[in-house]
Protein chains: 2
Amino acid sequence: MILKSQVEWALHCCAILAGLPEGRYLSTKALAELHGLPKEYLSKALQSLSQASLVETTLGPSGGYRLARAPSEVNFLEIVEAVEGKARSFTCTNIRENNPCRPAGYCDSKPCAVARIMWEADEAWRETLRRVRLSDLVGTLSEEVPPDIWRDTFEWVLKRAG
Amino acid sequence: MILKSQVEWALHCCAILAGLPEGRYLSTKALAELHGLPKEYLSKALQSLSQASLVETTLGPSGGYRLARAPSEVNFLEIVEAVEGKARSFTCTNIRENNPCRPAGYCDSKPCAVARIMWEADEAWRETLRRVRLSDLVGTLSEEVPPDIWRDTFEWVLKRAG
DNA sequence: GAATTAAGGATATATGTTATCCGCAAATGG
DNA sequence: CCATTTGCGGATAACATATATCCTTAATTC
Ligand code: FES
Ligand code: FES
């Protein structure tokens, strides 16, 4: 069970977009360069964010992406699910139905107890991510990243933002 | 991010082994037949349980598997990690290091804030599984599975247990 | 009109999951 | 001793998914 690297990319891109001044856009090219990522493939991750209505886009030179909502109104789970999908990590294939001691055509009233426990853990994972807002991340980063790097980065970004 | 089907298999097999009388063994063949699974491949999952010291084995006819500990001393996480591995679901590839505004050779004191949040969610998932004992599952199953099927199943199992 | 952008389709490559097969050593029962 | 059965590990193939690149299209800017 491993998350796509797209998840890391999308989260970092959102953190950058969160620091973008109102009304400006940042292109795939800039985001790819800033993070050292393949532009074409990063584009797919950003498209996922767009389809999930987490970001807005505009075309042409000076086009790109910006957040569709305030960073305090976006949580981690939304970003993760946008690129990773909403499917649960555990899928029950109903192997209990293969028990030879079962009457043919017998139908279970509840999902299997094993699956319910696995789904409970899955929900705990989601709930943890749901509780973290994008603004929380930006707050932590702005404290932990050395001030000069932080400043230089957004200077770099603004130079490329349309 | 999706768990292997082996996880479902291993959990169901452990539930059956938990109901096995002291000192008896159940073979891969019987477990595969009971759950309608490919014997050779299920064997890999059981080998994982064996390597994790969750089950004990014996060879020859009348050989097979039995739990190495009491069901109340085994939790879900141990079983899941035995087949799925202990690696975290989120892997940080340190894309922050590619930031062109970073001084060359600069070294971070902490893991990235993004990774820490993702790992926190991962830990919440693990903690949920850690809290569920194999005996809890057996308790739930014995309540939910219709009594006649439950009885027939263990009759079927005992007929094949060495 | 020329350049730039996001979007989406097609395709290739790498990796991981699922599955099967085989040979080996240990245990059982005759 | 011998035939059978078992778990174990290695090798291999089939299949799915993740990663990555390329190309076309339409919108936007200047
Ligand atoms: S049958 Fe799928 S988890 Fe029990
Ligand atoms: S650099 Fe990997 S999560 Fe931030």
Point to revise | Closest-nucleotide 5' rank along DNA chain C - winner of A/G63 and A/K44 | key: A/G63

Practice item. Please state whether the phosphate of D/dC8, meaning OP1 or OP2, lies under 4.0 angstrom from any side-chain nitrogen or oxygen of B/S50. Key: yes

**Study point:** Between P of D/dT21 and CG of A/L37, the distance in whole Å
**Key:** 11 Å

Review point. Touch check for B/Y65, heavy atoms < 4.0 angstrom, all strands: base, sugar-phosphate only, or nothing?
Key: sugar-phosphate

Review point. Can you tell me if the side-chain N/O atoms of A/S43 get under 4.0 Å from OP1 or OP2 in C/dA6?
Key: no

Check your understanding: With sugar-phosphate meaning primed atoms plus P, OP1 and OP2, does B/G162 contact a base, only sugar-phosphate, or nothing at under 4.0 Å between heavy atoms?
Key -> nothing

Point to revise | Rounded distance in Å - OH (A/Y41) to C1' (D/dT19) | key: 4 Å

Exercise for review: Using atom CD of A/Q47 as one end and atom C1' of D/dA26 as the other, report the distance to the nearest whole Å.
Suggested key: 14 Å

Exercise for review: List the steps, then state whether side-chain hydrogen bond (donor to acceptor under 3.5 Å, both in side chains) holds for A/E56 with A/Y25.
Suggested key: CA-CA 9 Å; A/E56 289 171 351; A/Y25 292 87; 4.9 Å; no

Review point. Counting distance only, does the side-chain N/O of A/S142 pair as donor-acceptor with the main-chain N or O of A/V138 below 3.5 Å?
Key: yes

Revision key, fill the gap. On DNA chain C, more 5' by nearest nucleotide between A/L26 and B/P38 is A/L26

**Study point:** Whole angstrom value for the distance that separates C1' of C/dA7 from NZ of A/K29
**Key:** 18 Å

Check your understanding: When we call it a touch if two heavy atoms are under 4.0 Å apart, what does A/S5 touch: a base, just sugar-phosphate, or nothing?
Key -> sugar-phosphate

Revision key, fill the gap. Sorted by position of nearest nucleotide on DNA chain D, 5' first, the leading residue of A/T58 and A/E40 is A/E40

Practice item. Tell me whether the OP1 or OP2 atom of D/dT6 has a side-chain N or O from B/T57 closer than 4.0 Å. Key: no

Practice item. Measure the distance from CG on A/L3 to P on D/dT17 and round it to the nearest whole Å. Key: 16 Å

Check your understanding: Does OP1 or OP2 of D/dG7 have a side-chain N or O of B/T28 closer than 4.0 Å?
Key -> yes

Check your understanding: Can you check whether A/L54's main-chain N or O pairs, donor with acceptor, with A/E78's side chain at less than 3.5 Å?
Key -> no

Practice item. When you get a sec, tell me which of D/dT29, C/dG8, C/dC22 is the closest nucleotide to the side chain of A/S62? Key: D/dT29

Point to revise | Short side-chain N/O contact to C/dT17 OP1/OP2 from B/Q6, under 4.0 Å | key: no

Exercise for review: Please state whether the phosphate of C/dG8, meaning OP1 or OP2, lies under 4.0 angstrom from any side-chain nitrogen or oxygen of A/Q51.
Suggested key: yes

Review point. Distance-only, no hydrogens or angles: does the A/S50 side chain make a donor-acceptor pair with backbone N or O of A/L46 under 3.5 Å?
Key: no

Exercise for review: Give a yes or no on whether the backbone of A/W156 and the side-chain of A/R160 come within a donor-acceptor separation of less than 3.5 Å.
Suggested key: yes

Review point. In whole angstroms, how far is the P atom of C/dA6 from the CG atom of A/L17?
Key: 11 Å

**Study point:** Whole-Å distance separating the OH atom of B/Y25 from the P atom of C/dA26
**Key:** 16 Å

Exercise for review: Measure from NZ on A/K4 to P on D/dA20 and round the result to the nearest Å.
Suggested key: 13 Å

Exercise for review: Kindly say whether A/K4 contributes a backbone atom to a donor-acceptor pair with the side chain of A/E84 at under 3.5 angstrom?
Suggested key: yes

